[in-house]
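The chains referred to below are lettered A, B, ... by the order of the sequence lines, with proteins before strands, and numbering in each begins at 1.
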There are 2 protein chains.
Amino acid sequence: MTDRPQLDLANYLPYLINRLGGALVAAMTDKALAASDLTIDMWRLLAVLSYRGAQRQVDMVAMTSIEASTVSRLVTRLARMGLVTRQRSETSNREVVIELTAKGRSLVERIIPCAHKLEEMAAAGVPAKDMAVVKRSLRRMYDNIARQSR
Amino acid sequence: MTDRPQLDLANYLPYLINRLGGALVAAMTDKALAASDLTIDMWRLLAVLSYRGAQRQVDMVAMTSIEASTVSRLVTRLARMGLVTRQRSETSNREVVIELTAKGRSLVERIIPCAHKLEEMAAAGVPAKDMAVVKRSLRRMYDNIARQSR
DNA sequence: TGACAATTGTTGTCAATGCAATTGTTGTGA
DNA sequence: TCACAACAATTGCATTGACAACAATTGTCA
């Protein structure tokens with residue numbers, strides 16, 4: 001008698017991960033981004049530019065997992081909003097380098113405190129020691145999958 | 001001199017969460033779902049039905065965070081594929097009760113082992129003790145946000 | 001060198017999604 | 001009991017997003 005396969009969602013990692021991820025996105029969207037007319041993907045692109053400095057679009061794709069064509073169009077919108085500049089790379093003429101403008105940097109710096117507050121709010125009641133375990137494990141699991149699917 | 005706000009993405013929880021979430025979705029999609037013509041959202045609906053039994057659409061919305069209108073249309077497609085049935089509730093005539101068909105249940109039971117394998121693959125090298133901390137913390141953080149945004 | 005493959009970015013197209021409005025039903029308080 | 005609010009599901013419509021095709025540039029190796 002073979003036991004029937006079951007899935008205990010309340011203890012299933014992908015479910016727990018994506019449920020929390022969705023809640024974080026929703027909270028971020030209407031607590032920090034709505035006022036600035038930013039979508040969550042625009043915010044991700046700006047955050048990567050702030051974290052890593054000027055980037056090619058292909059690198060932003062790698063960092064955010066947003067589709068290349070979507071990145072292309074989002075960058076167009078961000079540039080039109082005056083938040084980033086888009087220049088041809090000096091080293092290669094097919095590459096484009098995206099960079100935050102002063103306005104873009106100032107906007108990101110106004111949003112970052114909200115991002116930190118959101119993280120604190122989510123982490124309430126989770127001991128620092130546990131949080132360290134969580135973050136380390138999340139990085140490890142991502143690496144496992146990224147390595148596997150290549 | 002006020003220090004400028006910064007965001008260390010490599011240690012920022014929402015980033016780590018959603019990066020892993022996306023990788024899990026991508027891996028699940030092309031390793032377990034592609035062969036069955038299921039999208040990730042269809043799989044989520046089927047998994048909820050398998051986990052909780054017959055459900056109203058509004059409850060599936062709560063469990064999956066998929067938009068109500070999207071659930072309505074996805075259920076239509078799943079019904080057309082012969083994987084679920086959609087019946088008016090006995091207790092209330094405005095509610096609809098969705099239930100797995102035998103075909104639907106058998107499909108879910110064929111996918112569940114792949115889902116478990118994916119979880120194992122991701123968890124490789126993470127001690128069971130740490131994984132327990134991770135799952136407990138993920139639940140706690142979700143509750144924090146859900147409570148806050150209500 | 002020169003043909004061809006790989007990389008980078010953009011555009012066209014169409015299905016899927018989200019939001020608002022709508023329909024139909026059930027609950028509730030005056 | 002009746003008017004009205006709340007709930008559940010669906011539909012219309014505009015927007016979004018993904019995929020494929022394409023253009024342009026750069027790398028590679030025979």
Integer-rounded Å distance: [N] [atom2] and [X] [atom1]:
{"X": "A:Asp59", "N": "C:dT8", "atom1": "CG", "atom2": "C1'", "value": "11 Å"}
{"X": "A:Ile98", "N": "C:dT8", "atom1": "CD1", "atom2": "P", "value": "14 Å"}
{"X": "A:Arg94", "N": "C:dA5", "atom1": "CZ", "atom2": "C1'", "value": "11 Å"}
{"X": "A:Asn93", "N": "D:dG27", "atom1": "CG", "atom2": "P", "value": "11 Å"}
{"X": "B:Gln87", "N": "D:dA9", "atom1": "CD", "atom2": "C1'", "value": "16 Å"}
{"X": "B:Leu38", "N": "C:dA16", "atom1": "CG", "atom2": "C1'", "value": "16 Å"}
{"X": "A:Met60", "N": "C:dT10", "atom1": "CE", "atom2": "P", "value": "11 Å"}
{"X": "B:Leu45", "N": "C:dT17", "atom1": "CG", "atom2": "P", "value": "10 Å"}

Side chain of [X] (C-beta onward), nearest among [options]:
{"X": "A:Glu67", "options": "C:dT25, C:dG9, D:dA18", "result": "D:dA18"}
{"X": "B:Ser72", "options": "D:dT10, C:dT11, D:dC19", "result": "D:dT10"}
{"X": "B:Ser69", "options": "D:dG17, D:dT11, D:dT26", "result": "D:dT11"}
{"X": "A:Glu95", "options": "C:dG9, D:dT10, D:dT26", "result": "C:dG9"}
{"X": "B:Arg56", "options": "D:dA9, D:dA18, D:dT26", "result": "D:dA9"}
{"X": "B:Gln57", "options": "D:dT26, D:dA18, D:dA9", "result": "D:dA9"}
{"X": "A:Asp41", "options": "C:dT25, D:dG17, C:dT17", "result": "D:dG17"}
{"X": "B:Arg86", "options": "C:dA16, D:dT25, D:dT10", "result": "D:dT10"}

From A:Ile145 CD1 over to B:Lys31 NZ, what is the distance, rounded to the nearest 0.5 angstrom?
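So the CD1 of A:Ile145 and the NZ of B:Lys31 are separated by 8.5 Å.
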Return yes when atom CZ of A:Arg52 has more than 12 non-hydrogen atoms of other residues, nucleotides or ligands closer than 6.0 Å, and no otherwise.
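Not more than 12 within 6.0 Å, no.
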Quick check on A:Arg88: does its CZ atom have over 12 non-hydrogen neighbours (other residues, nucleotides or ligands) under 6.0 Å away?
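Yes, the 6.0 Å shell around CZ holds more than 12 heavy atoms from other groups.
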Side-chain donor or acceptor of A:Arg73 under 3.5 Å from a matching atom on the base of C:dG12?
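Donor-acceptor pair under 3.5 Å: yes.
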Test item: A:Ser149 side-chain N/O and B:Ala27 main-chain N/O as donor-acceptor pair under 3.5 Å
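Pair absent, no side-chain N/O of A:Ser149 close to backbone of B:Ala27.
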Residue closer to the 5' end of DNA chain D, A:Ser65 versus B:Arg88 (nearest nucleotide):
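Result: B:Arg88.
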With nearest nucleotides of DNA chain C determined for A:Val71 and B:Leu74 from heavy-atom distances, which residue corresponds to the more 5′ nucleotide?
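Its nearest nucleotide lies further toward 5', so the answer is A:Val71.
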Could B:Glu119 and B:Lys135 be called an ion pair, given the rule that one side-chain N must be under 4.0 Å from one carboxylate O?
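B:Lys135 and B:Glu119: salt-bridged.
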